[in-house]
Amino acid sequence: MTDYSEEQRNELEALESIYPDSFTVLSEKPTTFTITVTSEAGENGETVQTTLKFTYRENYPDETPLYEIVSQENLDDNDVADIIKLLEQQAEENLGMVMIFTLVSAVQEKLNEIVDQIKTRREEEKKQKEREAEEEEKQRFHGTPVTIENFLNWKAKFDAELLEIKRKKMKEEEQAGKNKLSGKQLFEMDHNLDTSDIQFLEE
């Protein structure tokens with residue numbers, strides 16, 4: 001006959017020495033304890049973490065232990081659901097053997113995968129943003145293709161604007177009394193001026 005309490009006691013001692021900083025006994029009857037599992041650091045030093053709570057059933061390890069996630073950091077709901085699924089599967093596979101170390105190790109591996117996925121997810125998001133920015137840039141530079149028709153439309157508009165600007169400028173100059181012609185302008189307007197001095201001298 002299996003001495004369940006002895007197997008449980010031995011496993012607890014082993015767990016305490018394996019996880020000295022993250023193992024905490026919560027109660028002795030029934031035996032309940034927590035183990036905090038932290039992933040390896042990701043590329044920016046980020047980690048994901050979860051605290052697992054285990055309770056021995058009377059006939060453990062011939063019965064699966066009770067387990068739950070009591071806290072977590074940086075995990076989304078899908079990750080938590082995946083971890084619970086993983087614990088179920090591992091507990092079934094290891095029935096009849098002390099299994100807490102196996103369960104915790106499986107969760108540890110899963111957390112490391114999640115950290116890698118976070119990195120991959122970030123890279124994907126970054127690439128996606130770059131692609132969107134590139135598309136925007138292309139759109140901006142793409143503009144409207146030039147045809148003879150739209151060029152002539154543009155030219156007509158441009159000439160009209162230019163004419164309007166000249167007209168405004170002339171009006172402003174008239175109002176400011178600047179419509180006196182310069183010597184050069186007078187000279188260009190009246191070609192008699194280039195001989196007028198000679199005529200004046202001859203007279």
Same apolar cluster (I L V M F W Y, side chains within < 4.5 Å links), [X]/[Y]:
X: Phe158; Y: Val146; answer: yes
X: Val104; Y: Ile18; answer: yes
X: Leu95; Y: Ile84; answer: yes
X: Phe101; Y: Val25; answer: yes
X: Leu26; Y: Leu52; answer: no

What pairs with Glu93 under side-chain contact (heavy atoms from CB on, under 4.5 Å), at least two apart in sequence or on another chain?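 side-chain contact (heavy atoms from CB on, under 4.5 Å) list for Glu93, sorted by chain: Gln89, Gln90.
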Sequence neighbours left out, what passes side-chain contact (heavy atoms from CB on, under 4.5 Å) with Glu40? Give chain and number order.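 Expected list: Asn112.
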What's the spacing between [X] [atom1] and [Y] [atom2] if we round to 0.5 Å?
X: Ile35; Y: Ile100; atom1: CD1; atom2: CD1; value: 6.5 Å
X: Asp3; Y: Gln8; atom1: CG; atom2: CD; value: 9.0 Å
X: Ile114; Y: Thr120; atom1: CD1; atom2: OG1; value: 12.5 Å
X: Lys155; Y: Asn150; atom1: NZ; atom2: CG; value: 14.5 Å
X: Asp79; Y: Asn74; atom1: CG; atom2: CG; value: 10.0 Å
X: Tyr4; Y: Arg9; atom1: OH; atom2: CZ; value: 15.0 Å

Does the side-chain contact (heavy atoms from CB on, under 4.5 Å) test come out yes or no for Leu12 and Tyr56, once each step is laid out? CA-CA 10 Å; Leu12 274 182; Tyr56 285 151; 4.0 Å; yes
Should [X] and [Y] count as side-chain neighbours, where that means a heavy-atom distance under 4.5 Å?
X: Leu103; Y: Phe54; answer: yes
X: Thr47; Y: Leu111; answer: no
X: Lys168; Y: Lys171; answer: no

Crowding at [atom1], [X] (>12 non-hydrogen neighbours, <6.0 Å):
X: Leu162; atom1: CG; result: yes
X: Glu130; atom1: CD; result: yes
X: Asp159; atom1: CG; result: yes

For the student: nearest non-hydrogen atoms of Pro61 and Met99, plus distance: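 It is O-CE, 4.3 Å.
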For Ile69 versus Val80, what's the shortest heavy-atom pair and its separation?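 Ile69 and Val80 have their closest heavy atoms at CD1-CG1, 3.8 Å.
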Compute whether any side-chain donor of one residue and acceptor of the other, for [X] and [Y], lie under 3.5 angstrom apart.
X: Gln49; Y: Thr38; value: yes
X: Gln117; Y: Glu113; value: no
X: Thr34; Y: Thr51; value: no

Could you please spell out the steps behind the side-chain hydrogen bond (donor to acceptor under 3.5 Å, both in side chains) verdict for Glu124 and Gln128? CA-CA 6 Å; Glu124 273 308 306; Gln128 184 59 31; over 6 Å; no
Whether Phe33 and Phe23 hold their rings parallel, tilted or perpendicular, with breakpoints at 30° and 60°: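 If you compare the ring of Phe33 with that of Phe23, the planes turn out tilted.
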When you measure from the side chain of Ser39 to the backbone N and O of Val48, does any donor-acceptor pair fall under 3.5 Å?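 Answer holds: yes.
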Are the charged groups of Glu164 and Arg167 less than 4.0 angstrom apart, N to O?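 Counted as a salt bridge, because a side-chain N and a carboxylate O are separated by less than 4.0 Å.
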So among Glu88, Glu92, Arg57, which one has a side-chain hydrogen bond (donor to acceptor under 3.5 Å, both in side chains) with Thr64?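 Of all the options given, the one that passes is Arg57.
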